[in-house]
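Below is one structure, written out as structure tokens, with a few remarks after it.
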Amino acid sequence: MDKIIIKVGMADLKVVENPGMLTTLGLGSCVGICLYDKQKKVAGLAHIMLPSSEQIRNNSNKAKFADTAIELLIQEMISRGAGRSKLIAKIAGGSQMFSFGNNNDMMKIGERNIIATKDMLERLKIPIIAQNTGGNYGRTIEFYSEDGRLRIKTIGHGVHEI
């Protein structure tokens, strides 16, 4: 059977069943949140841009924010047969792509995205079993529904699987 490859855009989320692979390009300060049900082989990927929908007026796209995307992703996965209590998470991204020369926390979007993602997953009791976050470089990720493998491709920092 041919593998289904689904691209997930910025501020977007998608779910795929085996045999399928989700990919998102160019994670900089954004975070890729990968949820997986090993038993049902259902994989979900959200490409969030910002930590909180409560700090932005134009917040109608729930896939854009850590605080709203994860719950929406879980709902989509459950509708495709995943079990909420079976979900595990892997996360990647959250880079600090530019140096601003000051300590203004508002400019540390990548770090704030990582913290918000971890807080939300902890609140929802979804364990993070692996992560590749931080740094100052971009990432492209591929998430495989067959086994929950997350491949991270970088420029200048190699290819990793977690």
Option among N132, T154, T24 that satisfies the side-chain hydrogen bond (donor to acceptor under 3.5 Å, both in side chains) test with R139: N132
Under 4.5 Å between side-chain heavy atoms, counting indirect links through other Ile/Leu/Val/Met/Phe/Trp/Tyr residues: same cluster for L22 and V31 or not? no
Identify the two heavy atoms, one from K86 and one from Q39, that lie closest to each other, and give their separation to 0.1 Å. CE-OE1, 3.0 Å
If you take all heavy atoms of Y36 and S145, which pair is closest and at what distance? OH-O, 2.8 Å
Can you tell me how far apart CZ (R80) and CD (E17) are? Round to the nearest 0.5 Å. 4.5 Å
Ignoring hydrogens, what is the shortest heavy-atom contact between M77 and D37? Give both atom names and the distance. CE-N, 4.3 Å
Please determine which of N61, D67, T68, N58 meets the side-chain hydrogen bond (donor to acceptor under 3.5 Å, both in side chains) test together with S53. D67
Are I88 and K38 close enough that some pair of their side-chain heavy atoms sits under 4.5 Å apart? no
Are F143 and M21 joined in one hydrophobic group, where the rule is that I, L, V, M, F, W and Y side chains link up if heavy atoms are under 4.5 Å apart? no
Distance in Å, L73 CG paired with I33 CD1, rounded so as to fall on 0.5 Å steps: 8.0 Å
Does CD belonging to E161 count more than 12 external heavy atoms closer than 6.0 Å? yes
Write down the atom of L121, the atom of I70, and the distance for their closest heavy-atom approach. CD2-CG2, 3.9 Å
Nearest heavy-atom approach of C34 to L45 is SG-CD1, 3.6 Å
Hydrophobic clustering (ILVMFWY, side-chain heavy atoms < 4.5 Å, transitive) - are I114 and L150 grouped together? no
For I6, is there any backbone N or O sitting under 3.5 Å from a side-chain donor or acceptor partner on K14? no
Would a hydrophobic clustering, with Ile, Leu, Val, Met, Phe, Trp and Tyr connected at side-chain separations under 4.5 Å, put Y144 with V16? no
Any R123 side-chain heavy atom under 4.5 Å of E71 side chain: yes
Judged by atom type as modelled, is there a donor-acceptor pair below 3.5 Å linking the side chain of T133 to the main-chain atoms of G93? no
From Q96 CD over to I109 CD1, what is the distance, rounded to the nearest 0.5 angstrom? 8.5 Å
Any ion pair linking K153 and E142 (charged N to carboxylate O, less than 4.0 Å)? yes
Just how far is it from atom SG of C30 to atom NZ of K64, taken to the nearest 0.5 Å? 10.0 Å
Are N136 and S95 packed together at the side-chain level, in the sense that at least one heavy-atom pair is separated by less than 4.5 angstrom? no
Rounded to the nearest 0.5 angstrom, the CE-CG distance for M10 and L27 is 8.0 Å
Identify whether I74 and I91 are in the same connected component of the hydrophobic contact network (ILVMFWY, side-chain heavy atoms under 4.5 Å). yes
Relative to the ring of H157, is the ring of Y137 parallel (under 30°), tilted (30 to 60°) or perpendicular (over 60°)? parallel
Measuring from atom OG of S29 to atom CE of M49, what distance do you get when rounded to the nearest 0.5 angstrom? 7.5 Å
Minimum-distance pair of heavy atoms, taken over all atoms of A11 and A63: O-CB, 3.5 Å
